[in-house]
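For the numbers below, each heavy atom of this structure counts, side chains included, while hydrogens, waters and symmetry mates do not. If you're wondering where the values come from, they're calculated on a predicted model, not measured in any experiment.
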Amino acid sequence: MKSNLLLLAVVTLLTASCGNTQKQNDMQTNETLEVLKTRRSIRAYRDEMPDKSLIDRITEAGTYAPTGKGRQSPIIVAVTNKAVRDRLSQLNARIMGADTDPFYGAPVVLIVLAERQSPHRVYDGSLVMGNLMNAAHAVGLGSCWIHRAKEVFDLPEGKALLKEWGIEGDYEGIGNCIIGYSAQEAPQPKPRKANYITRVD
C-alpha cells in the first residue's frame, strides 16, 4: 500500500514538472505575443468586405480592454455601410485639408468614442483601439489607427451622425480603427531603439 502511494506521488510530481516545462515552452512560442510583435499598420486595402463573424470577434475583443476603475467609458461603432463610411472619410479628409481617402480604401471603420466627462477617456479608448488592431491581425485582417475622430464628432455633422445612430450622451471621438483585407505586403518593423527598456532589478 505504501509503495503504491509512493509511486503515485512520484508520478504526480513528474506530471507537474512536465506541465511546468510545457508552460515555459508555450511562453517561448506564445501566439498572443507573436501577434503583438508582428502587427503592422496597413495603408492599402482590397474592396472585399470581411465576414461579419470576423468583425464581431474583433469588436468583442475591443470590449475586453482594461478601463479606468472598470467603468467602461468607451463605445465602439462598427461602420460597414459604404455610404456612411464614405461620409466619414469625407469629413475626416476635410479636417485634414485633403481630398484623398484617409481610410486607405478599407471597407470597415470601427469608431471608438468615450464619455467626455470620464477623466480616463483617452486612455480607455486607446486601450480599446489597441485591442481592435491586435485582434484584427490575429484573425488575418489588416488595420490602422486613423486620427481626427475627435474633430469629426465635435462637428455638427458628426453629432448629427451620433444622433442618427441612436447614441445618446456626450461622447468624444478617440480614434478610427480601419480594418479589411490587406492589399500590400506587411511593412518590416523598424529596429527597436536601444533605450526602449530600462531594467531596475
Side-chain angles (χ1 to χ4, degrees), residues 30-43 50 54-81 84-85 87-89 91-96 102-104 106 108-139 141-180 189-190 192-193 195-200:
N30 186 287
E31 289 182 18
T32 301
L33 296 180
E34 285 304 304
V35 166
L36 297 177
K37 288 169 60 178
T38 57
R39 190 212 67 82
R40 299 287 173 267
S41 293
I42 300 300
R43 294 181 172 85
L54 292 181
I55 299 170
D56 289 345
R57 290 172 69 188
I58 293 165
T59 52
E60 182 184 26
T63 68
Y64 281 89
T67 59
K69 297 184 178 179
R71 290 181 177 165
Q72 302 180 37
S73 72
I75 60 171
I76 303 165
V77 180
V79 177
T80 56
N81 178 289
V84 176
R85 177 254 184 242
R87 179 63 180 142
L88 289 168
S89 173
L91 290 172
N92 198 301
R94 189 175 87 192
I95 289 164
M96 192 169 50
F103 299 151
Y104 301 106
V108 182
V109 182
L110 306 178
I111 307 160
V112 176
L113 306 108
E115 296 168 349
R116 200 181 299 271
Q117 72 273 19
S118 170
H120 312 113
R121 64 189 181 281
V122 174
Y123 313 112
D124 292 350
S126 296
L127 286 165
V128 171
M129 286 287 293
N131 268 29
L132 294 174
M133 291 186 291
N134 286 315
H137 180 51
V139 298
L141 297 177
S143 69
C144 189
W145 181 321
I146 305 298
H147 289 297
R148 296 170 296 280
K150 181 182 188 305
E151 293 83 351
V152 165
F153 291 99
D154 281 346
L155 291 172
E157 296 97 322
K159 292 182 185 300
L161 284 172
L162 294 180
K163 187 175 181 180
E164 182 182 323
W165 299 336
I167 296 172
E168 299 179 355
D170 188 14
Y171 283 93
E172 181 176 305
I174 305 300
N176 304 286
C177 177
I178 57 171
I179 62 172
K190 295 179 181 179
R192 304 296 91 178
K193 61 184 180 181
N195 64 339
Y196 219 137
I197 300 170
T198 297
R199 297 188 181 279
V200 182

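The salt bridge (Lys or Arg N to Asp or Glu O under 4.0 Å) search around Asp56 returns Lys52, not counting sequence neighbours. Considering only residues two or more places apart in sequence or on other chains, Arg85 meets the salt bridge (Lys or Arg N to Asp or Glu O under 4.0 Å) condition with Asp101. Annotation: side-chain contact (heavy atoms from CB on, under 4.5 Å) contacts of Val84 (sequence neighbours excluded): Val79, Asn81, Leu88, Trp165. Partners of Lys193 under the side-chain contact (heavy atoms from CB on, under 4.5 Å) rule, at least two apart in sequence or in another chain, are Asn195, Tyr196. Judged as a side-chain contact (heavy atoms from CB on, under 4.5 Å), and not counting sequence neighbours, the contacts of Pro189 are Arg40, Arg192. Evaluation of the side chain to side chain donor-acceptor pair (under 3.5 Å) rule for Ser41 yields no partner, not counting sequence neighbours. Annotation: side-chain contact (heavy atoms from CB on, under 4.5 Å) contacts of Ile95 (sequence neighbours excluded): Arg148, Glu151, Val152, Leu155.
Counting only residues at least two apart or in different chains, side-chain hydrogen bond (donor to acceptor under 3.5 Å, both in side chains) contacts with residues 57-72 are absent. For residues 155-166, the set of pairs meeting the salt bridge (charged side-chain N to carboxylate O under 4.0 Å, His left out) definition, not counting sequence neighbours, comprises Arg94-Glu157. Residues in residues 119-131 take part in these side-chain hydrogen bond (donor to acceptor under 3.5 Å, both in side chains) pairs, two or more places apart or across chains: Ser73-Asp124, Arg121-Glu172.
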(message) Glu115 vs Tyr171, test: side-chain contact (heavy atoms from CB on, under 4.5 Å). Steps then yes/no.
(response) CA-CA 5 Å; Glu115 296 168 349; Tyr171 283 93; 3.7 Å; yes
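Using a 4.5 Å heavy-atom threshold, the side chains of Tyr104 and Ile42 count as separate.
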